[in-house]
Protein chains: 2
Amino acid sequence: MRKTRQKEAIMAVLRGTTSHPTADWVYSEVRKEIPNISLGTVYRNLRLLCQSGEIAELALCGNLSRFDARLDDHYHFRCEKCGRVFDVDELLTEDINDRVARKTGFVVEYHKIEFRGICRECQNS
Amino acid sequence: MRKTRQKEAIMAVLRGTTSHPTADWVYSEVRKEIPNISLGTVYRNLRLLCQSGEIAELALCGNLSRFDARLDDHYHFRCEKCGRVFDVDELLTEDINDRVARKTGFVVEYHKIEFRGICRECQNS
DNA sequence: TTAGGTGCAAAACCTTTGCCATCCC
DNA sequence: GGGATGGCAAAGGTTTTGCACCTAA
């Protein structure tokens, strides 16, 4: 991956914030430095930087909304090969919500966990 | 919320699968029952059903991709009022990945946790 | 020199919305 | 009957892509 002014500016923006910005926010920040950078370039570089491991895309977020008729508490497992989402019935016993609330001062209403890996079927193919 | 054929068909599809389908997949399934149902109706009803609590939208997924220059393991907290995402440094000590792997037979590479609630600032407003 | 990157604009996607006809209560 | 819902199509918002030009290595 070639080093360019655009890429460096994007990295600088990301390093300078803890706000987990969207592509569009990065775009508007980077334009202060490179006014004529294009949004396409921002998207391209964000993807490249993710692939090379220099930055992370918040892995909680998929592209599509997904829906579930199951309403009780449970976690999910997403297969990185086939993309399918499975239910996981394992539950955390300790009250991690309280622990985080004490530490941060936030009101913690609930949490979601997504495991990632390879499902049984995809292991055999 | 009024009871309609379309709504029931959508619920039937959701109850009949554990695959956490996307709106588009629901649409294609429901069309086997109601061939001329429109995609807009599927979206509208999915949203209504979420609001009324009859189904859940997988809360792991936001609408926008968000990026992070921080690469070490950490969890996230999303404020349900302002939408901002914060880092959480609390980490699980027990090896929940192994526990899930033993139970499911999946290869579990990592997990992500997202806490939800109200951040400090939004509590005072 | 040249493979890879950029800017621009168009296209591709996913989701929402406006409008009017239709249906449920 | 009257308000909620449906179908259709257009609009909106985000992300990707094709192409001609540029630039880092």
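It should be emphasised that the depicted structure is a prediction, and the values quoted were computed from it without experimental measurement. The sequence lines fix the lettering, A, B, ..., with proteins before strands; numbering per chain opens at 1. Below, each value reflects all heavy atoms present in this structure, side chains not excepted, and no hydrogens, waters or symmetry copies.
- At a cut-off of 3.5 angstrom, the base of C:dG7 holds at least one donor-acceptor pair with the side chain of A:R44.
- To the nearest angstrom, P of D:dC8 lies 11 Å from CD of B:Q6.
- At distances below 3.5 Å, at least one donor-acceptor pair connects side-chain atoms of A:H20 with backbone N or O atoms of B:V85.
- Residue B:E8 contributes atom CD, which lies 15 Å from atom C1' of D:dG6 at whole-angstrom precision.
- Here A:I96 contributes atom CD1 and A:I113 contributes atom CD1; the two are 6.5 Å apart, rounded to the nearest 0.5 Å.
- Ion pairing between B:R116 and B:E114 holds under the 4.0 Å rule for side-chain N and carboxylate O.
- For the pair A:D24 CG and D:dG12 C1', the computed distance is 14 Å after rounding to whole Å.
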Short N/O separations, protein against nucleotides 22-25 of chain C, under 3.5 angstrom:
residue: C:dC24; atom: O2; partner: B:R2; partner atom: NH1; Å: 3.4

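- In the displayed structure, B:Q51 atom CD is contacted under 6.0 Å by more than 12 heavy atoms of other residues, nucleotides or ligands.
- Side chains of A:D87 and A:H74: a donor-acceptor N/O pair is present below 3.5 angstrom, by distance only.
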Enumerate donor-acceptor pairs with a distance under 3.5 Å from any side-chain N or O in residues 1-11 of chain A to protein atoms, sequence neighbours excluded.
residue: A:T4; atom: OG1; partner: A:K7; partner atom: N; Å: 3.1
residue: A:K7; atom: NZ; partner: A:R2; partner atom: O; Å: 2.8

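- If you measure from atom NZ of B:K7 to atom P of D:dG7, you get 12 Å, rounded to the nearest angstrom.
- Separation of the B:F115 and A:Y110 ring centroids does not fall under the 6.0 Å cut-off.
- Atoms CZ (B:R31) and C1' (D:dC8) sit 13 Å apart, rounded to a whole Å.
- In this structure, B:L39 places its CG atom 10 Å from C1' of C:dT16, rounding to the nearest Å.
- Between the CD1 atom of A:I10 and the C1' atom of C:dG7 there is a distance of 13 Å, rounded to whole Å.
- Between the P atom of D:dT16 and the CG atom of A:N45 lies a distance of 12 Å, rounded to the nearest Å.
- Residue A:I37 is the one, among A:I37 and B:Y43, whose nearest nucleotide of DNA chain C lies closer to the 5' end (criterion: closest heavy atom).
- When the nearest nucleotides of DNA chain D are assigned to A:M1 and B:L48 by heavy-atom distance, the more 5′-ward of the two goes with B:L48.
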